[in-house]
2 protein chains.
Amino acid sequence: MNSLETLRSFRIFAETLNFTHAAEELHLSQPALHTKIRELARSLGQPLYLKQGRQLHLTEAGQKLLVFAREMEARVQDFQRQLRGESEQPLRLASGQGAYRYLLGPALKAYRGQLELRLGGAESVRSGLAHLGVGVAPADISELEVQPFREVGQVLLIPKQHPLARKRRLRLRDCRDLQLVVPPPGRPQRLRLEECLPPFQVAAEAEGWELTLYFVVLGLGVAVVNSFCPVPKGFVARELDELPAVSYQVFLPKAYARPQARQLARLILNS
Amino acid sequence: MNSLETLRSFRIFAETLNFTHAAEELHLSQPALHTKIRELARSLGQPLYLKQGRQLHLTEAGQKLLVFAREMEARVQDFQRQLRGESEQPLRLASGQGAYRYLLGPALKAYRGQLELRLGGAESVRSGLAHLGVGVAPADISELEVQPFREVGQVLLIPKQHPLARKRRLRLRDCRDLQLVVPPPGRPQRLRLEECLPPFQVAAEAEGWELTLYFVVLGLGVAVVNSFCPVPKGFVARELDELPAVSYQVFLPKAYARPQARQLARLILNS
DNA sequence: TCCAAGCTATTCATCTAGACTATAGATTAT
DNA sequence: ATAATCTATAGTCTAGATGAATAGCTTGGA
């Protein structure tokens, strides 16, 4: 436990869940890695992984240790940089396309310091890949500090001539059997639509609001988009207030967030 | 560098600045400790201490490493507790008598969770002794996150019959040659008085506002106290607005504060 | 059903990092 | 001066880490 090298070994192993491959990556023999992990588990008094057939998976303790190991590695690296007087490691922000494009601009402009922008969300923060995240809250936000940032309503984008454009207020049942431009299956926005909307036809699949809007303008179909999206010429946006508003959040590691991450979080929350 | 045991060794050494004693405390031979520190310095590429005659003192890198080492140790301990499912380590708050007695009550009552209260301030936080501090800003607050909490004015406590009680507004020059109850030499409040007030007589020395007030009530002398102190019966408080207000601050470790520390800080700042 | 592939896990011989003893070198106090 | 108190180095030794060889388990395909 008291060696950072062991912690790193565990991290690599936990990320692959395969002793053989992990040992290669660590330039270590497989038995050496194995005993290392075994001793680590023994010193912590808890098994770190279990076997199901040939498949390994982390125990709860193992998952906690993985988070901890990533944190420690990052902390050590930060310190060594600081000591060498090198420039601070750039801050890594993980967010989605929409948030970058329409929500975060002012905060990013106001932030003085190096930034690395990644696509991602809460999961990127929890895994230590990003120092800060912005997105809609996923299922599991333990280990994360979550601060509500902005509520964004959902609107239906339709051509001015569309029959639905006459109504001031749209109900969900009006949307039955629409030809929709939607994200690919499995994406959060797609899941929300499938859950809340009446049955619809998939006219096209698009990643990101830009492409969605483009398809809509081409006339492939209409789309349900966040209300921050600009309305293209010749189209109107009709609020779907029966659809739950999407809540954007700022995610920080619960313990030991980098100071710059907090600073940027403050900028974002105040923007 | 990659062993936490080495980090602990350095911390003990850095706290004593004596290889022999530190080695004893670590149950290690003196040469073993010496080589450990030497290798640590080599791996970091910087000397960690220097010799002046027989006296050792930390370099800047050494001081940074000391802070880092304390932080890492604390983090590891927190993690091990968490893993063993033990109750969280109680939060240690360092503050002064006055702040405890007159400023922090509501926040401490509102805080749910174990607390350990210590006398101290920013220095306690920087050294890793406390997780959170409240006090007046000292000279060196690098490595600390400082948030202004409350401005407290200075008042002169005098008996109603005292000649100065007739004046509505007191000037500093009115206070020449007063018999004052003051803190012992060297304490911050004493230093401020010596710096700002005209010459005065020391009627008595007292630690803490309670004792100061008691001495004042006994008639040993008058006192300059924070305006949050309750005014005893038969006495009046006259503002000394020429004396700079004392600014109480909340201190957190700049990097990697414990989540509970942030929570309590928020409670304090909002109280 | 049985074998081959792909792992995990153990054993044992080997090797190295790190601990200790002994002692030199340096500085201050008496 | 000399003793006392440290830091620092040299050399030796050992516990523990490492790796080669291999046993044992599980899965998928012939």
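Letters go in sequence order (proteins before strands), and every chain restarts at 1.
- With values rounded to the nearest 0.5 angstrom, B:Ser9 atom OG is found 6.0 Å from B:Ile37 atom CD1.
- Between B:Arg118 and B:Leu93, the closest side-chain pair of non-hydrogen atoms is not below 4.5 Å.
- In this structure, the side chain of A:Thr59 engages the main chain of A:Leu48 through a donor-acceptor pair within 3.5 Å.
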Check nucleotides 13-19 of chain D for protein N or O atoms closer than 3.5 Å to its own N or O atoms and list the pairs.
from   : atom 1 : to      : atom 2 : distance (Å)
D:dG19 : OP2    : A:Ser29 : N      : 2.9
D:dG19 : OP2    : A:Ser29 : OG     : 3.3

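- Here the two rings, on B:Phe68 and A:Phe79, have centers that are under 6.0 Å apart.
- Nucleotide D:dA4 holds its C1' atom 12 Å from the NE2 atom of B:His21, rounded to whole Å.
- One finds no side-chain N or O of A:Thr20 lying less than 4.0 angstrom from the OP1 or OP2 phosphate oxygen of C:dG6.
- In this structure, A:Arg42 atom CZ and C:dA9 atom C1' are separated by 17 Å, rounded to whole Å.
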Pair B:Leu4, B:Glu73 - check side-chain contact (heavy atoms from CB on, under 4.5 Å), show working. CA-CA 8 Å; B:Leu4 293 176; B:Glu73 275 189 80; over 6 Å; no
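- Between the C1' atom of D:dT7 and the CG atom of B:Leu17 lies a distance of 13 Å, rounded to the nearest Å.
- What separates CG of B:Leu56 from C1' of D:dT5 is a distance of 12 Å, to the nearest Å.
- B:Glu207 has its side chain within reach of B:Arg187: a pair of non-hydrogen atoms, C-beta onward, lies under 4.5 Å apart.
- Considering only heavy atoms from C-beta on, A:Phe251 comes within 4.5 Å of A:Gln249 through its side chain.
- Taking side-chain N and O atoms only, B:Tyr49 has a distance below 4.0 Å to OP1 or OP2 of D:dA8.
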Enumerate all atom pairs, one protein N or O and one N or O from nucleotides 27-29 of chain C, separated by less than 3.5 Å.
from   : atom 1 : to      : atom 2 : distance (Å)
C:dT27 : O2     : B:Arg54 : NH2    : 2.4

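- Rounded to a whole Å, the CG atom of A:Asn18 is 7 Å from the C1' atom of C:dC7.
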Can you give the donor-acceptor pairs under 3.5 Å from side chains of residues 14-22 of chain B to other protein atoms, not counting sequence neighbours?
from    : atom 1 : to      : atom 2 : distance (Å)
B:Glu15 : OE1    : B:Arg11 : NH1    : 3.1
B:Glu15 : OE2    : B:Arg11 : NH1    : 3.3
B:Glu15 : OE2    : B:Arg70 : NE     : 3.3
B:Glu15 : OE2    : B:Arg70 : NH2    : 3.1
B:Thr16 : OG1    : B:Ile12 : O      : 3.3
B:Thr16 : OG1    : B:Phe13 : O      : 3.2
B:Thr16 : OG1    : B:Asn18 : N      : 3.2
B:Thr16 : OG1    : B:Asn18 : O      : 3.3
B:Asn18 : OD1    : B:Thr20 : N      : 2.8
B:Asn18 : OD1    : B:His21 : N      : 2.9
B:Asn18 : ND2    : B:His21 : NE2    : 3.4

Donor-acceptor list for residues 26-35 of chain B side chains, cut-off 3.5 Å, not counting sequence neighbours:
from    : atom 1 : to      : atom 2 : distance (Å)
B:Ser29 : OG     : B:Ala32 : N      : 3.2
B:Thr35 : OG1    : B:Pro31 : O      : 2.9
B:Thr35 : OG1    : B:Ala32 : O      : 2.8

Could you check B:His131 against B:Val125 for side-chain contact (heavy atoms from CB on, under 4.5 Å), going step by step and ending with a plain yes or no?
-> CA-CA 6 Å; B:His131 304 114; B:Val125 178; over 6 Å; no
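- Atom C1' of nucleotide D:dC6 and atom CD of B:Glu24 are separated by 12 Å, given to the nearest angstrom.
- Note on the helix from C:dT1-D:dA30 to C:dT30-D:dA1: terminal axis deviation equals 10°, with five pairs used at each end and the result rounded to 10°.
- As a whole-Å value, the separation of B:Phe19 CZ from D:dT9 P is 10 Å.
- Between A:His34 and the phosphate of C:dA9, there is a side-chain N or O to OP1/OP2 separation shorter than 4.0 Å.
- Within the 4.0 Å cut-off from OP1 or OP2 of D:dT7, not a single side-chain nitrogen or oxygen of B:Arg38 is found.
- With sequence neighbours left out, the side-chain hydrogen bond (donor to acceptor under 3.5 Å, both in side chains) criterion links A:Gln82 to no other residue.
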